[in-house]
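Chain identifiers are assigned alphabetically (A, B, ...) following the order of the sequence lines, protein sequences preceding nucleic acid strands; residue numbering begins at 1 within each chain.
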Protein chains: 2
Amino acid sequence: MTLNQNTFTGEFSYSLDAKGRVNIPAKFRNGLTDDNEQSFVITRGMDPCIWVYPVIIWQAIEDELRKLSSLSRLNRSFVRSTVRYASTVQYDKQGRIALTSNLIDYAELGKEALIIGMVNKIEIWNPTLLDAADQASKEIESSEFDELANQIIL
Amino acid sequence: MTLNQNTFTGEFSYSLDAKGRVNIPAKFRNGLTDDNEQSFVITRGMDPCIWVYPVIIWQAIEDELRKLSSLSRLNRSFVRSTVRYASTVQYDKQGRIALTSNLIDYAELGKEALIIGMVNKIEIWNPTLLDAADQASKEIESSEFDELANQIIL
DNA sequence: ATACATTGTGGGTAGTTGTGGGTAATAATC
DNA sequence: GATTATTACCCACAACTACCCACAATGTAT
């Protein structure tokens, strides 16, 4: 089955082990192109979660960042904040990646972890925090969602 | 018979088996173009039912979502809510797809399932819930239907 | 009306996937 | 340099999923 490559959808409930490892769902691993060499870049998300990019996709982001002039203070600050917590990880023979303690703290991860496909990247959430985020957005966004939904035909 | 491809109409009453599989009506399978590789994307409907898209149609949606920048909180939230429950499934040699327990719960499916063609997608309903939805809409919509009917030539 | 093909339903089996933990190699600390 | 902590690699089990075969009911053609 040749679907879109390096593309992720769906939600999975997995667990962090004592060593801070999480499984990458088999469906996601199988969708990875070979040039990624079983590797992802993990970094802080803009929400309180961990973002996981295929290295190939991440390289494109790096290229964009490279174009931003360091003369601007805003640019420097933006580049720093996106790159600062990023590291490359390769999954082991069981399909797991090791998260850094820094990122685990940031996303407030306990034993449970929700893994969510976000098209071009993956998010790792503390289920409780995601619920809270869902609630918060539900009230605000329903009308704005309608507007977006009008642009994209479901 | 060469009707419109990837297009679905009609209602079928099928059953879920113990493993959570449903048959896709033969008429729907035969209408699928080959580039779908016998596969659909299943996800939450906006009503309490399951939406089933031919992968080709879904890929167009994904491409739209990919264009939305993750810098906007609204966009992140929108992408997450659309993609979160979506997964690709391929039907087996008997023409069945396996539903996820998540979606079965959401649509409150028991043994009976109503499968309804919705032109560019398919809906899977709990018959009881569909009756209820029918009742609820009957009262409200008849006048609004008239308005829509003026835009679309039947 | 009969024979044949197709379609829907059920279940068994083998392979895959998630999870836990053990051991060796590397790095950090005193 | 010795000891401890951390990281990477390997193996093992249990749960789940995908694949296969079988049968019954329905529809179609001769």
Side-chain angles (χ1 to χ4, degrees), chain A residues 1-3 8-32 37-42 50 52 55 87-105 109-117 122 124-127, chain B residues 1 8-32 36-42 50 52 55 85-105 109-117 122 124-125 127:
Chain A
M1 178 168 46
T2 5
L3 247 174
F8 314 100
T9 62
E11 182 184 81
F12 303 84
S13 176
Y14 284 175
S15 60
L16 269 174
D17 67 13
K19 299 179 188 176
R21 298 174 296 188
V22 236
N23 210 311
I24 298 293
K27 282 192 180 175
F28 290 177
R29 295 197 307 261
N30 297 337
L32 262 197
E37 300 179 24
Q38 293 88 42
S39 301
F40 293 92
V41 172
I42 54 175
I50 299 175
V52 183
V55 277
S87 63
T88 306
V89 288
Q90 191 173 34
Y91 61 79
D92 63 20
K93 285 199 173 174
Q94 282 70 247
R96 294 171 293 193
I97 56 171
L99 302 176
T100 64
S101 55
N102 192 313
L103 291 176
I104 292 176
D105 291 348
L109 286 178
K111 180 147 175 52
E112 304 175 79
L114 272 184
I115 303 184
I116 299 180
I122 300 164
I124 303 177
W125 280 85
N126 174 331
Chain B
M1 174 174 46
F8 315 101
T9 59
E11 182 184 83
F12 303 83
S13 175
Y14 284 173
S15 61
L16 269 174
D17 68 14
K19 297 181 186 175
R21 297 175 297 189
V22 236
N23 209 312
I24 298 293
K27 281 192 181 177
F28 290 177
R29 295 196 307 259
N30 297 337
L32 263 196
N36 286 287
E37 301 179 26
Q38 293 88 43
S39 301
F40 294 92
V41 171
I42 56 176
I50 299 175
V52 183
V55 276
Y85 302 104
S87 64
T88 306
V89 288
Q90 190 173 34
Y91 61 78
D92 63 20
K93 286 198 172 174
Q94 285 68 249
R96 294 170 296 191
I97 56 172
L99 302 177
T100 64
S101 55
N102 194 313
L103 291 176
I104 292 175
D105 291 348
L109 286 177
K111 181 146 176 53
E112 304 174 79
L114 271 184
I115 302 184
I116 299 179
I122 301 164
I124 303 177
W125 280 85

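Of the candidate nucleotides D:dA18, D:dC10, D:dA8, D:dA18 has the atom lying nearest to any side-chain atom of B:Lys19. The side chain of A:Tyr14 approaches C:dG18 more closely than any other nucleotide in the set C:dT7, C:dG18, D:dC11.
Between the side chain of B:Arg21 and the base of C:dG11, a donor-acceptor pair under 3.5 Å is found.
Remark: A:Lys27 is not in phosphate contact with D:dA18, judged by side-chain N or O atoms under 4.0 Å from OP1 or OP2. Taking 4.0 angstrom as the limit, A:Arg29 places a side-chain polar atom (N or O) nearer than this to OP1 or OP2 of C:dG18. Here A:Ser15 reaches the OP1 or OP2 of C:dG20: one of its side-chain N or O atoms lies under 4.0 Å away. Put simply, A:Asn23 has no side-chain N or O that comes within less than 4.0 Å of OP1 or OP2 on C:dG20.
Annotation: A:Gln94, atom CD; neighbour count of heavy atoms from other residues, nucleotides and ligands within 6.0 Å is above 12. Around atom CD of A:Gln90, more than 12 heavy atoms belonging to other residues, nucleotides or ligands sit under 6.0 Å away.
Per the geometry, NZ belonging to B:Lys93 stands 18 Å off P belonging to D:dC23, to the nearest Å. Counting to the nearest Å, the P atom of C:dG22 and the CG atom of A:Asp92 are 17 Å from each other. The interatomic distance linking B:Leu99 (CG) with D:dT17 (C1') rounds to 14 Å, in whole Å. D:dT17 atom P lies 15 Å from atom CD1 of B:Ile97, rounded to whole Å. Atoms CD (A:Gln90) and C1' (D:dC9) sit 12 Å apart, rounded to a whole Å. Computed from coordinates, the A:Arg96 CZ to C:dT17 P distance equals 14 Å when rounded to whole Å. Following rounding to the nearest Å, B:Tyr91 (OH) and D:dA18 (C1') show an atom-to-atom distance of 16 Å. Rounded to whole angstrom, the span from the CD1 atom of B:Ile104 across to the C1' atom of D:dT17 amounts to 14 Å.
Partner of A:Ile124 under the side chain to side chain contact (heavy atoms under 4.5 Å, CB included) criterion, chosen from A:Ile104, A:Ile116, A:Ile50: A:Ile50.
Along DNA chain D, the nucleotide closest to B:Ala98 and the one closest to B:Gln94 are compared, and the more 5′ of them pairs with B:Ala98.
In this structure, B:Leu16 and B:Gly110 approach most closely via the heavy-atom pair CD1-O, 3.0 Å.
For the pair A:Arg29/A:Asn23, a side-chain contact is recorded, criterion being any heavy-atom separation below 4.5 Å from C-beta on.
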